[in-house]
Amino acid sequence: MPELPEVETVRAGLERHVVGRTVGTAAILNPRAVRRDLAGPDGFAAAMVGRTFLRAERRGKYLWFALDDTEALLAHLGMSGQLLVGDPGRPLSPHVRARFTFDDDGPDLRFTDQRTFGHVMLVPLVYPGDESRVVPAPIAHIAPDPLEAAFDPRAFAGRLTGRKTQLKRALLDQSLISGIGNIYADEALWRAKLHWARPTETLKPAEVSRLLGAVREVLTEALEVGGTSFDALYVNVNGESGYFDRSLNAYGREGQPCGRCGTPIRRDAFMNRSSFSCPRCQQAPRRPGPSG
DNA sequence: ACTCCCCCCTGTTAGC
DNA sequence: TGCTAACAGGGGGGAG
């Protein structure tokens with residue numbers, strides 16, 4: 001379940017192990033991995049040969065390598081995507097979807113993805129709106145994430161309370177604030193003592209800043225321990241797990257006591273998935289937001 | 001313009 | 001024991 005802390009952990013690993021190196025060969029082992037690339041598997045692979053990874057960057061859950069001033073290799077890990085760096089001679093696992101070797105004959109890069117929700121593509125770099133930062137064209141509509149300099153807390157507060165929806169839906173909307181998924185949404189809401197169904201238009205300024213503080217806290221703390229791993233589906237570029245699952249207060253803890261008040265954590269069906277919260281610390285709104 | 005819901009996919013687990 | 005169904009969930013795209 002790669003969200004911002006997991007993707008950032010992967011990005012940092014790629015910066016260390018891949019940046020500065022030049023692609024020798026590129027192979028697409030499953031065409032679905034490049035389904036969003038207009039050039040198709042063969043065109044994509046051919047266009048990648050000889051390109052040098054100049055920088056490893058990230059916004060929210062997307063990461064990319066700048067290849068020059070105008071193009072980038074964009075990647076999204078989806079649910080189960082991994083970018084693994086290792087001995088080019090090691091066995092090829094059945095879930096490897098794309099493989100890049102380098103002209104220095106060093107460690108190769110493998111995009112591995114059991115459930116194939118992730119993808120990679122070669123894309124143009126553009127300036128979105130009034131921002132100073134260059135980003136890949138397909139993600140120009142994604143909002144800055146709360147850990148980057150371009151994030152504007154006041155603009156976020158205004159757009160959040162201007163919506164007519166439930167708070168958790170808004171937190172998961174990458175065009176409003178990026179990098180947050182189901183796990184960290186539940187964790188941030190628990191910390192801020194806010195209910196997932198709270199109508200966004202009723203949020204007070206103090207509640208919004210409490211929420212943003214909780215979001216930044218939980219993302220930062222998870223990042224410090226390498227992200228959250230429940231199983232082998234999320235690992236860093238060396239195949240190692242993160243440790244934040246030990247620090248979860250709400251997510252996945254149905255029936256277990258709330259760390260603050262002891263009330264059993266409750267699980268609600270939400271958007272075809274689950275929402276975990278403390279029924280006592282996180283008071284349900286009298287009138288839930290739309291689609292509650 | 002904004003909000004919402006379905007669907008893409010595979011491996012694991014719960015339940016009958 | 002063996003099958004089926006539910007579940008995990010990010011986000012694109014289309015419906016409303």
Side-chain angles (χ1 to χ4, degrees), chain A residues 1-8 10 28-38 58-64 74-83 93-98 111-121 123 129 135-143 145 156 158-189 196-201 219 222 227-235 241 245 248 250-255 267-276 288-292:
Chain A
M1 313 54 196
E3 303 180 29
L4 188 154
E6 293 77 29
V7 178
E8 173 57 23
V10 171
I28 298 302
L29 289 80
N30 183 328
R32 203 176 132 75
V34 289
R35 64 190 177 281
R36 305 194 66 79
D37 193 300
L38 298 176
R58 183 190 56 74
R59 164 164 285 178
K61 303 169 194 171
Y62 283 90
L63 61 84
W64 67 91
L74 178 65
H76 193 286
L77 303 178
M79 241 301 281
S80 56
Q82 307 173 336
L83 285 163
S93 99
H95 298 310
V96 175
R97 311 303 184 193
F111 176 60
T112 299
D113 189 8
Q114 178 188 101
R115 294 177 57 192
T116 72
F117 279 17
H119 62 98
V120 294
M121 62 195 303
V123 299
V135 300
I139 66 162
H141 65 291
I142 299 292
D145 68 60
F156 167 71
R159 292 187 64 205
L160 176 68
T161 53
R163 298 230 169 164
K164 284 194 184 299
T165 189
Q166 298 175 338
L167 179 52
K168 186 169 169 182
R169 287 178 185 276
L171 280 182
L172 295 176
D173 184 342
Q174 306 297 302
S175 66
L176 181 62
I177 181 171
S178 67
I180 304 170
N182 205 35
I183 298 171
Y184 297 112
D186 280 2
E187 291 303 305
L189 289 168
W196 55 268
R198 178 72 179 273
T200 47
E201 72 267 27
L219 294 178
T228 304
S229 304
F230 296 111
D231 48 40
L233 284 187
Y234 161 70
V235 291
S241 297
D245 59 312
L248 295 175
Y251 186 85
R253 298 193 68 244
E254 181 181 17
R267 174 183 163 184
D268 293 297
F270 172 83
M271 289 172 78
N272 284 332
R273 53 199 68 160
S274 298
S275 224
F276 299 91
S291 274

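Within every chain, numbering begins at 1; the chains are lettered A, B, ... in the order of the sequence lines, protein sequences first and strands thereafter.
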Original post:
OP1 or OP2 of dG11(C) sitting under 4.0 Å from any side-chain N/O of K61(A)?
Top reply: yes
**OP:** For the side chain of R169(A), starting at C-beta, report the closest nucleotide among dG10(C), dG11(B), dC4(B).
**Re:** dC4(B)
**OP:** Could you tell me whether the phosphate oxygens of dG11(C), OP1 or OP2, come under 4.0 Å of any side-chain nitrogen or oxygen in Q174(A)?
**Re:** yes
Original post:
Knowing that exactly one of R273(A), E187(A), K168(A) qualifies, which makes a side chain to side chain donor-acceptor pair (under 3.5 Å) with N182(A)?
Top reply: K168(A)
Original post:
Taking OP1 and OP2 of dA8(C), is either one under 4.0 Å from a side-chain nitrogen or oxygen of S80(A)?
Top reply: no
**OP:** May I ask you to verify if any side-chain N or O of T165(A) is less than 4.0 angstrom from the OP1 or OP2 atom of dC4(B)?
**Re:** yes
Original post:
Looking just at side-chain N and O atoms, do D268(A) and W196(A) make a donor-acceptor pair shorter than 3.5 Å?
Top reply: yes
Subject >> K164(A) side-chain proximity, nearest of dT3(B), dA8(C), dC4(B) >> reply: dT3(B)
Original post:
For dG12(C), does either OP1 or OP2 sit under 4.0 Å from a side-chain N or O belonging to Y62(A)?
Top reply: yes
Subject >> Contact under 4.0 Å: R267(A) side-chain N or O vs dA8(C) OP1/OP2 >> reply: yes
Subject >> Residue pair R163(A) / T200(A), side-chain donor-acceptor N/O under 3.5 Å >> reply: no
Original post:
Counting any heavy atom closer than 4.0 Å, what does H141(A) reach on the DNA or RNA strands: base, sugar-phosphate only, or nothing?
Top reply: sugar-phosphate
Original post:
Which of these nucleotides, dG11(C), dA8(C), dT3(B), is closest to any side-chain atom of R163(A)?
Top reply: dT3(B)
Original post:
Any side-chain N or O of H76(A) under 4.0 Å from OP1/OP2 of dG11(C)?
Top reply: yes
